[in-house]
Protein chains: 2
Amino acid sequence: MRYRAGLETRDKILDATRRLITEAGLESTTIKAICDRAGVLPGSFYNLFDSKEQAIVTVVREAIEAVDPDPQHLGRDTLAALVEAYIVFITSQADLAGVYIAIAVSGTRNNPDLRGRFLRHHEGRVERFAAAIEREHPEMETEETTRRAETLVSALNGIALHRVLDPNFDVARHGRALLSGALTPD
Amino acid sequence: MRYRAGLETRDKILDATRRLITEAGLESTTIKAICDRAGVLPGSFYNLFDSKEQAIVTVVREAIEAVDPDPQHLGRDTLAALVEAYIVFITSQADLAGVYIAIAVSGTRNNPDLRGRFLRHHEGRVERFAAAIEREHPEMETEETTRRAETLVSALNGIALHRVLDPNFDVARHGRALLSGALTPD
DNA sequence: TTCATCTTTGAGTGATCATTCTAATTTGAA
DNA sequence: TTCAAATTAGAATGATCACTCAAAGATGAA
């Protein structure tokens, strides 16, 4: 490998960006703030990224990918496993979870790219949940499984949202409660 | 009434602020943007508000108060009525609902005042929901009713959050689905 | 050791931010 | 109609924003 110095700087910048978005919000994630925290100067930042936007999008893509782990289970996962995976994501990757929620709210209003990316991801996520429900309840109609999956995924995001506000919020307990409520008859 | 002109300008500014936060996010809610939309100049803005912060806090307080209507029902409302009230709030006061969610995420990180205000409001809301659950299920322990209320309120916020991203999201249907799942045995 | 290439430095750019100020205009009680 | 008080106009301030650039320094293949 040639010139690894630049790669390390890149990591430091992405790490700083990730933590800043979670701790201070998108609004406060300025070039200066990123560089201060990464111990780097603006010139170095722009040597590695074309724009502030690019660094943020990189981190956001990271977060979106981290939400859905184990793609090799696709088509075989249980609903409970999907919920547990999200709980693990929120609790063990708090920085990325913070990015995910921050983007869901602030990031998607002025940035069509982020908005599209997020909505496409959400859609795929709902489908994965719906498929799991259908596997466990073959008698249920497709429209119904989709609707229940939408409710569950959105509700889980609500849990993640509250966790950002209150680090003591018991994500596991509330997430599992939603799971057991998700398949109740109307 | 003397000098009503100022009051009208104040309304125009608050209205512009409300819509801007919902449509473009806190980040894009600048003095210039507010004034342009309100058809007013910065001098007029600062004649009526001490700071941009003050206008935003005014709108946020408005939103927080609008979430919980009919305080005269306090101590008598059913869980279903509370959920319906939130559904009505989200669908019929989209601007304020957008403000509410935007603040929940971006507003509370750097602003301890907003953060405290939001968390206090959330706590009161959970208590109100818990009391309704307890009334309908007297056999349930207090700790249990609180936990279920926390799950439900956070999950409802998740529904509201998704509605901000997708205006076609069927808030009523998903909100009611959460209600029926909220009292399922573990 | 040489030297082309990669990387960092840090001052500097124009744009835009929240906010201020003074002068002009409008208001409404008298 | 008068006039003090309320309100608006609009240019100006300094701070901070994202971003650029030329020069210095570090790197590693030969």
Side-chain angles (χ1 to χ4, degrees), chain A residues 1-21 23-60 99 102-103 106-107 109-114, chain B residues 1-21 23-60 99 102-103 106-107 109-114:
Chain A
M1 183 194 310
R2 267 182 80 173
Y3 302 113
R4 88 157 87 75
L7 296 178
E8 280 168 11
T9 302
R10 192 185 139 91
D11 280 349
K12 282 194 287 182
I13 288 173
L14 288 178
D15 191 53
T17 305
R18 204 179 294 125
R19 275 157 46 219
L20 265 172
I21 293 176
E23 291 169 22
L26 262 184
E27 204 170 350
S28 306
T29 304
T30 63
I31 295 290
K32 184 178 173 0
I34 292 172
C35 291
D36 282 355
R37 188 174 286 218
V40 144
L41 285 164
S44 291
F45 181 95
Y46 282 99
N47 180 47
L48 294 158
F49 297 92
D50 289 340
S51 64
K52 175 182 131 174
E53 180 85 7
Q54 193 184 76
I56 289 178
V57 167
T58 302
V59 163
V60 168
V99 170
I103 263 46
S106 357
R109 302 195 212 219
N110 294 311
N111 191 321
D113 176 42
L114 280 188
Chain B
M1 183 195 311
R2 263 182 83 173
Y3 301 113
R4 90 155 85 77
L7 295 178
E8 279 168 11
T9 302
R10 192 185 139 90
D11 280 349
K12 282 193 287 183
I13 288 173
L14 288 179
D15 190 53
T17 305
R18 204 178 295 125
R19 274 156 47 216
L20 265 172
I21 294 176
E23 290 169 22
L26 262 184
E27 204 169 351
S28 306
T29 304
T30 64
I31 294 290
K32 183 177 172 4
I34 293 173
C35 290
D36 282 356
R37 190 174 285 218
V40 146
L41 285 164
S44 292
F45 181 95
Y46 282 97
N47 178 48
L48 292 158
F49 298 92
D50 289 340
S51 64
K52 175 183 132 175
E53 180 84 7
Q54 193 183 78
I56 289 178
V57 167
T58 302
V59 163
V60 169
V99 170
I103 262 46
S106 359
R109 302 195 211 219
N110 295 310
N111 192 321
D113 175 43
L114 281 189

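Protein chains get the first letters and strands the later ones, always in sequence-line order, with residue 1 at the start of each. What you see is a predicted model, and the numbers here were worked out from it, not measured in a lab.
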Between [options], spot the one nearest the side chain of [X], thanks.
X        : options                   : value
Asn47(B) : dT8(D), dC17(C), dT7(C)   : dT8(D)
Ser51(B) : dC17(C), dC19(D), dT19(C) : dT19(C)
Lys32(A) : dT20(D), dT20(C), dC17(D) : dC17(D)

Distance check needed: [N] [atom2] versus [X] [atom1], whole Å only.
X        : N       : atom1 : atom2 : answer
Glu8(A)  : dA26(D) : CD    : C1'   : 13 Å
Ile31(B) : dT13(D) : CD1   : C1'   : 15 Å
Ile34(A) : dT16(D) : CD1   : P     : 17 Å
Arg10(B) : dA6(D)  : CZ    : C1'   : 16 Å
Lys52(A) : dT16(D) : NZ    : C1'   : 12 Å
Asp36(A) : dT16(D) : CG    : C1'   : 13 Å
Lys12(B) : dT8(D)  : NZ    : C1'   : 11 Å
Asp11(A) : dT7(C)  : CG    : P     : 13 Å

Nearest atoms (heavy-atom pairs only) where Ile21(A) meets Ala102(A)
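Between these two residues, the closest heavy atoms are CG2-CB, 3.9 Å.
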Are [X] and [N] close enough that a side-chain N or O sits under 4.0 Å from OP1 or OP2?
X        : N       : answer
Thr30(A) : dT16(D) : no
Thr9(B)  : dT8(D)  : yes
Tyr46(A) : dT20(D) : no
Ser44(A) : dT9(C)  : yes

Toward the 5' end of DNA chain D, which comes first, Phe45(A) or Leu48(B), by nearest nucleotide?
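Residue closer to the 5' terminus by nearest nucleotide: Leu48(B).
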With rounding to the nearest 0.5 Å, note down the distance linking OH in Tyr46(A) to CD1 in Ile31(A).
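The CD1 atom of Ile31(A) is 3.5 Å from OH of Tyr46(A), to the nearest 0.5 Å.
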With rounding to the nearest 0.5 Å, note down the distance linking CD1 in Ile56(A) to CZ in Arg18(A).
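If I round to the nearest 0.5 Å, the distance is 13.0 Å.
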Within the distance-only criterion (no hydrogens, no angle test), does the side chain of Lys12(A) pair as donor or acceptor with the backbone N or O of Arg37(A) below 3.5 angstrom?
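Looks like no, no N/O pair under 3.5 Å.
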With side chains defined as the heavy atoms from C-beta onward, is the minimum distance between Ile13(B) and Thr9(B) less than 4.5 Å?
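A side-chain contact under 4.5 Å exists here.
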Have a look at Leu41(B) and say if it touches a base, only the backbone sugar-phosphate, or nothing, with a 4.0 Å heavy-atom cut-off.
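Base, at least one base heavy atom under 4.0 Å.
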